[in-house]
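All figures in this text were calculated on a predicted structure; none of them were measured in a lab. For ligands, and for the atoms within them, numbers begin at 1 and follow the listed sequence.
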Amino acid sequence: MFGNSKDLLGIRDLPVSEIQEILDRTAEMKKIVMSQNRKTTDLAGRTVNILFYENSTRTRLSFEMGAKMMSSVACNISASGSSVTKKENLIDTARTIDVMQTDILIMRHGLSGAPHLVAKNVNAAVINGGDGTHEHPTQALLDAYTIIEKKGDLKGLKVVIVGDIAHSRVARSNIWLLTKMGAKVSICAPKTLIPSGIEQMGVTVYNDVEVALKDADVVMGLRIQLERQKGGYFPDLVEYAKEFGINEKRLKLAKSDAIVLHPGPVNREVEITSFVYDCDQSVIDEQVTNGVAIRMAIMKKAIER
Ligand code: NCD
């Protein structure tokens, strides 16, 4: 259970105590991921089905690997290879998967709110693997876990998120989570990529990356989501990189022990340079490893109902 719900659809409605519980349980799961005996019986006899309507490398694989490490029957279906191409609708597709006795349904969809609609129509626990520009709760949880691993606590940290805030579900889930947990969150992007009214989420807004990065403890780069943009938000990617890209010189404006995160996929030399991706301050690889552990902790919690 997540709060009063069988489903994990977003961070917005997830109580702080449950965020903390997931983060605590992840430490145990990480030990398993890092061991030479990656096997538990936590999901033995349970079924996990993964239904993605959008492409994914990290999120999909980490759910599947985690589910298999916990001994579940885990299957993967992408919309492009399913009867969705024969015009079956979303609810019917989800119900078909549900009546195969699915315990956990992991879903990604291009439309904000799609997993919420599915959750109302299935018995399985639905976990949102990203819905449109809305939320990506498991990404925010793994980001928080990674920050805590390096910094000890989220409270009081200055976290600066730079990139396509307007189209980013990662930004939204991170803003909910980090502000709930007491971090000071700033966002930075061209004015056209800042949603109006976002200050109400408790963030400070910058349009100058060199001002935003000053004294940051955590710097998070986000991909420019060209596939969601209808054009005209900024001149081109070269111009974006020049004005907002995080490079070696700009990273020096942050604290000397600042860490760099990025949810991936990274477009090198656009939102961050290769130097920044590969430098000692980057924890982008750790985020990916932690993604397996956090999803194991979440799936274990999902069957507890
Ligand atoms: C993100 C996503 O799909 O929302 N990727 C991810 O899950 N790690 C971010 C992105 O696509 O840029």
Side-chain angles (χ1 to χ4, degrees), residues 8-12 26 50-67 76 78-80 106-116 126-147 159 161-178 187-190 193-195 218-230 233-234 237 240-241 244-246 260-272 276-277 282-296 298-299:
L8 176 60
L9 301 175
I11 298 293
R12 184 179 187 166
T26 300
I50 304 172
L51 173 65
F52 271 35
Y53 283 75
E54 281 188 348
N55 295 341
S56 169
T57 302
R58 284 151 272 263
T59 308
R60 192 167 68 180
L61 193 55
S62 58
F63 269 117
E64 188 172 350
M65 281 181 68
N76 210 319
S78 49
S80 60
I106 320 287
M107 227 193 108
R108 170 171 286 190
H109 200 284
L111 290 177
S112 302
H116 305 63
V126 176
I127 298 175
N128 182 2
D131 65 320
T133 60
H134 180 226
E135 280 231 41
H136 192 348
T138 64
Q139 180 70 43
L141 285 159
L142 78 89
D143 292 343
Y145 183 83
T146 307
I147 297 170
V159 182
I161 306 176
V162 187
D164 187 353
I165 312 291
H167 300 94
S168 176
R169 53 198 175 206
V170 177
R172 265 172 206 75
S173 288
N174 261 297
I175 294 170
W176 287 122
L177 192 152
L178 292 165
I187 55 169
C188 179
L193 292 179
I194 302 273
V218 178
V219 180
M220 185 182 295
L222 294 178
R223 191 173 62 86
I224 300 299
Q225 314 235 325
L226 289 176
E227 76 277 19
R228 296 189 199 287
Q229 296 185 5
K230 305 219 161 55
Y233 291 91
F234 52 84
L237 289 178
Y240 174 86
F244 290 91
I246 302 162
V260 178
L261 284 84
H262 191 303
V266 173
N267 289 143
R268 286 176 182 260
E269 314 305 334
V270 180
E271 59 269 11
I272 62 172
V276 172
Y277 190 158
S282 163
V283 295
I284 297 171
D285 287 348
E286 282 94 326
Q287 285 176 274
V288 178
T289 308
N290 291 339
V292 182
I294 207 98
R295 288 169 179 128
M296 289 169 78
I298 289 166
M299 287 186 280

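For Y53, the ring pair (Phe, Tyr, Trp, His ring centres under 6.0 Å) criterion is met by H109, not counting sequence neighbours. Under the salt bridge (Lys or Arg N to Asp or Glu O under 4.0 Å) criterion, E54 pairs with R169, R228, sequence neighbours left out. In this view, R60 satisfies the salt bridge (Lys or Arg N to Asp or Glu O under 4.0 Å) rule with no residue, not counting sequence neighbours.
Sorted by chain and number, the heavy-atom contacts of ligand 1 below 4.0 Å come from T59, R108, H136, Q139, R169, V170, R223, Q225, P263, G264, P265.
Using modelled atom types, one side-chain atom of R108 and one backbone atom of G129 make a donor-acceptor pair closer than 3.5 Å.
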Take L178 and I147, measure what side chain to side chain contact (heavy atoms under 4.5 Å, CB included) needs, and give me the verdict at the end. CA-CA 10 Å; L178 292 165; I147 297 170; 4.2 Å; yes
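In this structure, the side chains of V159 and N174 stay at 4.5 Å or more apart for every pair of heavy atoms.
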